[in-house]
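Got a structure here, written out as structure tokens. Questions coming.
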Amino acid sequence: MTSLVSCACFLISFAWFVPSNALYFHIGETEKKCFIEEIPDETMVIGKYRTQLWDKQTNSYLPSTPGLGMHVEIKDPDTKIILSRQYGSDGRFTFTSHTPGEHQICLHSNSTKMALFAGGKLRVHLDIQVGEHTNNYPEIAAKDKLTELQLRVRQLLDQVEQIQKEQNYQRYREERFRMTSESTNQRVLWWSIAQTFILIITGIWQMRHLKSFFEAKKLV
Amino acid sequence: MCNGYIRVLVQVLCAHLLCGWVHGSELTFELPDNAKQCFYEDIIIGTKCTLEFQVVTGGHYDVDCRLEDPDGAVLYKEMKKQYDSFTFNAPKNGTYKFCFSNEFSTFTHKTVYFDFQVGDDPPLFPNENRVTALTQMESACVSIHEALKSVIDYQTHFRLREAQGRSRAEDLNTRVAFWSIGEAVILLVVSISQVVLLRSFFSDKKTTTTRVGS
């Protein structure tokens with residue numbers, strides 16, 4: 001029993017941190033890479049990353065580099081920073097959105113000491129999960145003691161809730177779009193009237209001014 | 001009872017880790033002008049993979065996309081595409097690379113969304129645990145789950161299209177404001193300078209005639 005529990009704990013902690021076979025990309029050592037997540041409010045986002053440093057001697061990426069850290073900065077749609085923390089070379093960050101909109105997740109390495117090695121490259125494995133994908137169903141099953149069927153229904157409920165939030169967000173976005181279009185419409189209307197007005201006024205002023213000028217010069 | 005649940009949990013976690021190559025990544029990133037961004041993924045032979053991308057904002061909403069297998073052979077290559085979806089079965093083991101390029105553009109940044117699905121979603125419970133086939137309730141749940149996944153997928157694409165439309169509308173709005181003010185200013189400047197120029201012609205003539213006269 002205890003061996004099973006410890007096995008389960010080990011597996012959970014392993015799956016917790018490592019983005020097992022995630023997508024990866026290369027960035028320069030001082031380069032900042034940003035990703036955009038457009039999400040409704042009250043949505044949880046979990047990001048896992050793993051970094052590897054390029055080793056010139058072996059011409060390959062080192063499996064792990066202690067001392068290498070990544071700075072994670074997350075901005076909400078109003079460009080206010082909601083998370084700005086330094087993590088190790090393997091990290092996991094999580095946040096919950098409080099306003100709907102475009103959140104920006106930026107990563108850059110803290111390599112001030114690495115700046116000496118010119119042209120250093122980093123390989124970053126990244127996995128970002130949003131909304132109902134963040135739910136760990138085995139954990140939920142164990143915690144709430146659910147049967148298979150109950151777990152499936154719970155998963156469906158989570159999915160439907162996510163769809164509902166997204167629809168709500170869609171309504172808010174459509175309202176913004178409509179307001180922008182109406183403002184453009186108003187602006188075009190008023191500015192064409194104003195421009196016609198300015199044109200007529202300048203025309204009249206020009207003629208009157210020139211007329212009085214020529215009369216003064218005794219040419220007319 | 002508790003033992004049973006823990007056993008199920010351990011089996012699910014094992015399955016989750018063994019099927020580690022099965023997952024999907026969707027990311028939205030900004031591609032500056034004259035830049036190329038590549039992503040790599042290790043795939044096992046025979047896995048069904050899907051790459052879908054859409055340009056969200058920027059310029060003519062087009063980007064070059066290229067997908068290569070571990071030996072560098074090009075599996076998919078499209079220039080200046082706005083949206084596409086490509087499904088393939090991995091022909092060999094190794095690291096696959098796909099790149100988005102904005103090198104043809106001189107000053108527009110593009111925001112690109114992509115969704116790279118590798119394999120099918122892991123089952124909620126490992127199949128080894130099943131002694132019988134799925135009950136009707138469970139298979140109904142599975143089909144609802146698939147349908148909801150496709151709803152979420154459509155929603156995502158709709159959201160991206162809407163973001164595109166909205167960014168164009170907001171661009172238009174600011175452009176209309178600036179150009180109206182600009183045009184009004186130009187109009188005033190031109191009319192005043194016309195009058196000043198005309199005045200200057202006649203003033204010079206007047207002084208020359210008087211000088212000649214006397």
Side-chain angles (χ1 to χ4, degrees), chain A residues 1 4-5 7-8 11-12 14-15 20-26 33-38 126-128 137-139 141-142 145 148-149 151-153 155-156 159-160 162-163 166-167 170 173-174 176-177 180-181 183-184 187-188 191 194-195 198-199 202-203 205-206 209-210 213-214 217 219, chain B residues 1-3 5-10 12-14 16-17 20-21 23 25-30 37-42 111 116 118 124-125 135 137-138 141-142 144-145 148-149 151-152 155 158-159 162-163 165-166 169-170 172-173 176-177 180 183-184 187-188 191 194-195 198-199 202 206:
Chain A
M1 171 69 174
L4 270 176
V5 171
C7 188
L11 287 171
I12 288 177
F14 193 67
S20 31
N21 270 316
L23 202 67
Y24 63 84
F25 54 92
H26 299 137
K33 203 87 190 87
C34 292
F35 296 95
I36 299 164
E37 287 293 332
E38 195 174 349
L126 185 65
D127 184 28
I128 298 178
Y137 288 105
E139 206 183 304
K145 299 188 179 37
E148 267 196 44
L149 191 63
L151 190 67
R152 281 191 198 281
V153 171
Q155 189 190 38
L156 292 177
Q159 269 189 308
V160 168
Q162 189 187 0
I163 290 173
E166 183 84 29
Q167 298 269 28
Q170 163 65 16
R173 286 194 320 264
E174 190 271 338
R176 256 182 62 189
F177 192 166
T180 308
S181 301
S183 148
T184 308
R187 277 188 199 180
V188 165
W191 278 109
Q195 277 191 33
I198 291 174
L199 198 67
T202 37
W205 170 79
Q206 272 184 333
H209 185 87
L210 287 173
F213 176 68
F214 289 140
K217 298 281 180 194
L219 292 168
Chain B
M1 166 91 150
C2 202
N3 219 6
Y5 283 113
I6 302 258
R7 194 168 293 136
V8 167
L9 172 60
V10 169
V12 173
L13 287 171
C14 285
H16 175 74
L17 288 173
W21 65 82
H23 73 283
S25 327
E26 64 172 26
L27 289 172
T28 312
F29 65 97
E30 201 178 282
Q37 179 69 38
C38 293
F39 295 90
Y40 308 82
E41 175 104 40
D42 297 324
T111 310
F116 193 55
V118 176
L124 205 55
F125 288 97
T135 64
M137 280 292 279
E138 285 172 352
C141 284
V142 166
I144 295 175
H145 178 64
L148 289 180
K149 269 206 309 208
V151 169
I152 291 175
Q155 264 191 336
F158 184 67
R159 169 171 56 84
E162 189 270 340
R166 188 161 34 92
E170 282 171 3
L172 191 67
N173 197 19
V176 162
S180 311
E183 271 194 55
L187 200 68
L188 288 169
S191 53
Q194 270 181 337
V195 168
L198 219 58
R199 279 172 65 129
F202 287 102
K206 182 70 178 167

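Residue numbers begin at 1 in each chain, while the letters A, B, ... track the order of the sequences.
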Can you label the angle between the A:F35 ring and the B:F39 ring as parallel, tilted or perpendicular, going by 30° and 60°? tilted
Can you see which heavy atom on A:R152 is nearest to which on B:C141, and at what distance? CD-CB, 3.8 Å
Is the A:H26 ring parallel, tilted or perpendicular to the B:Y40 ring (thresholds 30°, 60°)? tilted
Between A:Q206 and B:S191, is there a donor-acceptor pair closer than 3.5 Å when you use the side chain of the first and the backbone of the second? yes
With only heavy atoms counted, which part of A:Y24 is less than 4.5 Å from chain B, the side chain, the backbone, both or neither? both
Which bit of A:E37 comes within less than 4.5 Å of chain B, counting heavy atoms only: side chain, backbone, both or neither? side chain
Atom pair OG1/CD1 of B:T28 and A:I36 - distance to nearest 0.5 Å: 6.5 Å
Interatomic distance, A:Q167 atom CD to B:Q155 atom CD [nearest 0.5 angstrom]: 4.5 Å
Please enumerate all residues that pass side chain to side chain donor-acceptor pair (under 3.5 Å) together with A:R173, with sequence neighbours excluded. A:Q170, B:E162
Is the shortest side-chain heavy-atom distance between A:W205 and B:V195 below 4.5 Å? yes
Is chain A contacted by the side chain of B:E26, its backbone, both, or neither, given a heavy-atom distance below 4.5 Å? backbone
Atom group of A:T180 that falls short of 4.5 Å from chain B, counting heavy atoms: both
Nearest heavy-atom neighbours spanning B:A163 and A:E38: CB-OE1, 4.1 Å
Where do B:L187 and A:Q195 come nearest, in terms of heavy atoms and distance? CD2-O, 4.3 Å
Without hydrogens or angle criteria, can the side chains of B:N173 and A:S183 be said to hold a donor-acceptor pair below 3.5 Å? yes
For B:Q37 and A:F25, the nearest pair of non-hydrogen atoms, with its separation, is NE2-CB, 3.9 Å
Return the set of residues passing side-chain contact (heavy atoms from CB on, under 4.5 Å) with A:Q162 (not counting sequence neighbours), or none when no residue passes. A:E132, B:I152
